[in-house]
Amino acid sequence: MAAPSDLAFDPWDPAFVADPYPAYARLREQGRVRYFEPTDQWLVAHHADVSALLRDRRLGRTYLHRFSHEEFGRTPPPPEHEPFHTLNDHGMLDLEPPDHTRIRRLVSKAFTPRTVDRLRPYVRELADELVAGLVAAGGGDLLRDVAEPLPVAVIAEMLGIPESDRAPLRPWSADICGMYELNPSEEAAAKAVRASVEFSDYLRDLIAERRKNPGDDLISGLIAAHDEGDRLTEQEMIATCVLLLNAGHEATVNSTVNGWWALFRHPGQLAALRADHSLVPTAVEELLRYDTPLQLFERWVLDEIEIDGQVIPRGAEIAMLFGSANHDPAVFADPSRLDLTRRDNPHISFSAGIHYCIGAPLARIELAASMTSLLERAPTLRLAAEPVRKPNFVIRGLEGLAVEVG
């Protein structure tokens, strides 16, 4: 599927996916909003516009709280995709107030700064164990051996998923997230549906078990809150758990490998980081900005809006380009330069507004823990082979990152 010839945006072009940032610069020069026919979306590429629209209540992640599909001028999803949409549409990321407010209020109790800070020793200990294994082996795949198991274990521990049950979590998550790409194929949809059914069935059984034998975990806490009067249906509970797993590790995994790949390509910055580990907090923020793990985020236009004189009608869809916003020279000095000391860094990699990432504090702890452990325990870490980038555009990551130690 080809992009319009005058539009510097082609999410199906491998060259664009490999490095979309030069194309984003051209897209920003072409105006504040452009219509993209292949996906029937309005592209917004400037930081100020993206930041404002994320907070604009005339837009929504769903429209079903106000309109039917027909009233909104949209075709309902195919019946065979129903298990995915049942799961996805009951998660707070795809809900609007008052349902979003009710669910987020319950879940946020597990992500208060104090609660998350208590996880810091556990996260660091786990990161040290994983990095020690990588060092003992003389290297390996940074994605498989460190980046992936760390956040999966943390969120599974929070949810109370037994260690023996965790192997399918990452594959389920990857298959479900395939539906967030632009115009997903029928094969991707079939995988997402199958994963949605299997993951939902597993969680339904786990919730039933926690009802009988509650523990000190988030699922037990959600059940207890429900029993005390805060309404949370079983489907909402299942969708919440899936969302927390998907969002709770997908971005962290990709941020870790994207970040280290960027460091290997900028040896001067890596040397400065190795010489001064106090740079880790600003390095985490800069790497999240420099190669954004979530490139695009969508919103439905619930009430007509206007951007730079262009009226966008109710029923349209807006695609906010996070990766472009994070490289906007109107906000970031010399945005194409990796600068681990950058202080003024209002990146929007965790979104903004009511859908701001609830797990952002935990993600920062995980990213800092794995980076610090690698700096301390693997000071000679180096690239072993050129990585292969995943073909996905929306969720940006690598197939793996082969490294050597020693």
Side-chain angles (χ1 to χ4, degrees), residues 39-41 50 53-69 71-79 81-108 111 155 172-184 188-189 191-193 195-197 199-200 203 222 231-251 293-303 314-320 322 348 350-360 392 394-395:
T39 60
D40 188 22
Q41 293 173 319
V50 171
L53 290 172
L54 285 170
R55 297 169 170 85
D56 195 322
R57 300 308 302 138
R58 293 173 297 174
L59 307 182
R61 281 291 293 173
T62 183
Y63 52 80
L64 294 174
H65 61 307
R66 285 182 52 184
F67 309 99
S68 67
H69 292 296
E71 289 169 337
F72 205 62
R74 291 284 163 174
T75 304
H81 296 176
E82 181 272 330
F84 166 81
H85 290 286
T86 295
L87 180 63
N88 185 72
D89 296 353
H90 284 83
M92 61 182 168
L93 185 60
D94 281 81
L95 289 172
E96 292 297 310
D99 289 329
H100 171 272
T101 309
R102 171 174 51 84
I103 297 174
R104 188 173 178 112
R105 184 178 64 246
L106 287 170
V107 177
S108 64
F111 289 92
I155 199 67
W172 280 337
S173 175
D175 286 347
I176 289 170
C177 289
M179 279 291 269
Y180 303 138
E181 294 299 319
L182 297 174
N183 297 354
K191 285 183 177 180
V193 167
S196 298
V197 171
F199 204 169
S200 296
L203 287 169
L222 292 174
R231 292 182 60 253
L232 196 66
T233 68
E234 183 176 77
Q235 184 59 61
E236 287 172 342
M237 205 176 299
I238 290 168
T240 296
C241 293
V242 171
L243 173 63
L244 289 175
L245 178 83
N246 291 353
H249 80 274
E250 198 73 37
L294 180 67
Q295 290 282 311
L296 177 151
F297 204 55
E298 297 157 332
R299 286 283 200 280
W300 295 106
V301 179
L302 305 176
D303 295 298
R314 186 184 82 184
E317 190 175 31
I318 287 180
M320 290 172 279
F322 282 13
I348 52 174
F350 290 122
S351 190
I354 68 167
H355 290 292
Y356 179 78
C357 177
I358 199 170
N392 307 346
V394 175
I395 298 176

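Each residue takes its place number in the sequence, starting with 1.
A donor-acceptor contact shorter than 3.5 Å links the side chain of Glu181 to the backbone of Ile395. Side-chain atoms of Arg55 never come within 3.5 Å of backbone atoms of Ala352 as a donor-acceptor pair (strictly under, hydrogens ignored).
Of all heavy-atom pairs spanning Asp303 and Arg314, the tightest one is N-CG, 4.3 Å. Taking both residues in full, the closest heavy atoms of Gly178 and Pro184 are given as O-CB, 3.8 Å, listed atom of the first, atom of the second, then distance. The two residues Met92 and Val107 have their closest heavy-atom pair at CE-CG1, 4.0 Å. The shortest non-hydrogen separation linking Ala316 to Arg74 is CA-NH2, 3.9 Å. Across Phe322 and Leu294, no two heavy atoms sit closer than the pair CB-O, 3.3 Å. Among all heavy-atom pairs drawn from His65 and Pro97, the shortest one is CD2-O, 4.1 Å.
Checked against side chain to side chain contact (heavy atoms under 4.5 Å, CB included), Glu82 has the following partners two or more places apart in sequence or in another chain: Thr86.
The side-chain heavy atoms of Val301 and Leu59, taken from C-beta on, include a pair separated by under 4.5 Å. Residues Leu87 and Ile176 have side chains in contact (heavy-atom distance under 4.5 Å, counting atoms from C-beta outward). A heavy-atom distance below 4.5 Å is not found between the side chains of Asp56 and Arg299. No side-chain heavy atom of Phe72 sits under 4.5 Å from any side-chain heavy atom of Thr62. Looking only at side-chain heavy atoms (C-beta outward), Phe111 and Leu244 come within less than 4.5 Å of each other.
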- prompt: So Arg102 and Leu232, side-chain contact (heavy atoms from CB on, under 4.5 Å) or not? Walk me through it.
  reply: CA-CA 8 Å; Arg102 171 174 51 84; Leu232 196 66; 4.1 Å; yes

task: Kindly determine whether Leu296 and Leu182 satisfy side-chain contact (heavy atoms from CB on, under 4.5 Å), including the steps that lead there.
output: CA-CA 9 Å; Leu296 177 151; Leu182 297 174; 4.2 Å; yes

- request: Take Glu96 and His355 through the test side-chain contact (heavy atoms from CB on, under 4.5 Å) and record every step on the way to the result.
  value: CA-CA 9 Å; Glu96 292 297 310; His355 290 292; 3.0 Å; yes

message: Quick one, Ile348 with Met320, criterion side-chain contact (heavy atoms from CB on, under 4.5 Å). Give me CA distance, side-chain angles, the key distance, then yes/no.
response: CA-CA 11 Å; Ile348 52 174; Met320 290 172 279; over 6 Å; no

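Judged by the 6.0 Å and 45° rule, Arg61 forms a cation-pi pair with Phe297.
The distance from atom CG of Leu93 to atom CZ of Arg104, rounded to the nearest 0.5 Å, is 9.5 Å. Put simply, NE2 on His85 and CG on Leu64 are 10.5 Å apart, with the number rounded to the nearest 0.5 Å. Note that SG of Cys241 is 5.5 Å distant from CG of Leu203, once rounded to the nearest 0.5 Å. Rounded to the nearest 0.5 angstrom, Leu245 CG and Ser173 OG are separated by 5.5 Å. Distance check: Ile318 CD1 to Glu298 CD gives 11.0 Å after rounding to the nearest 0.5 Å. Taken from CZ in Arg57 to CD1 in Ile354, the straight-line distance is 3.5 Å, to the nearest 0.5 Å.
Under 4.0 Å is where a charged nitrogen must lie from a carboxylate oxygen, and between Arg66 and Glu71 no such pair does.
Note: His69 and Tyr63 have perpendicular aromatic rings, judged against thresholds of 30 and 60 degrees for the angle between ring planes.
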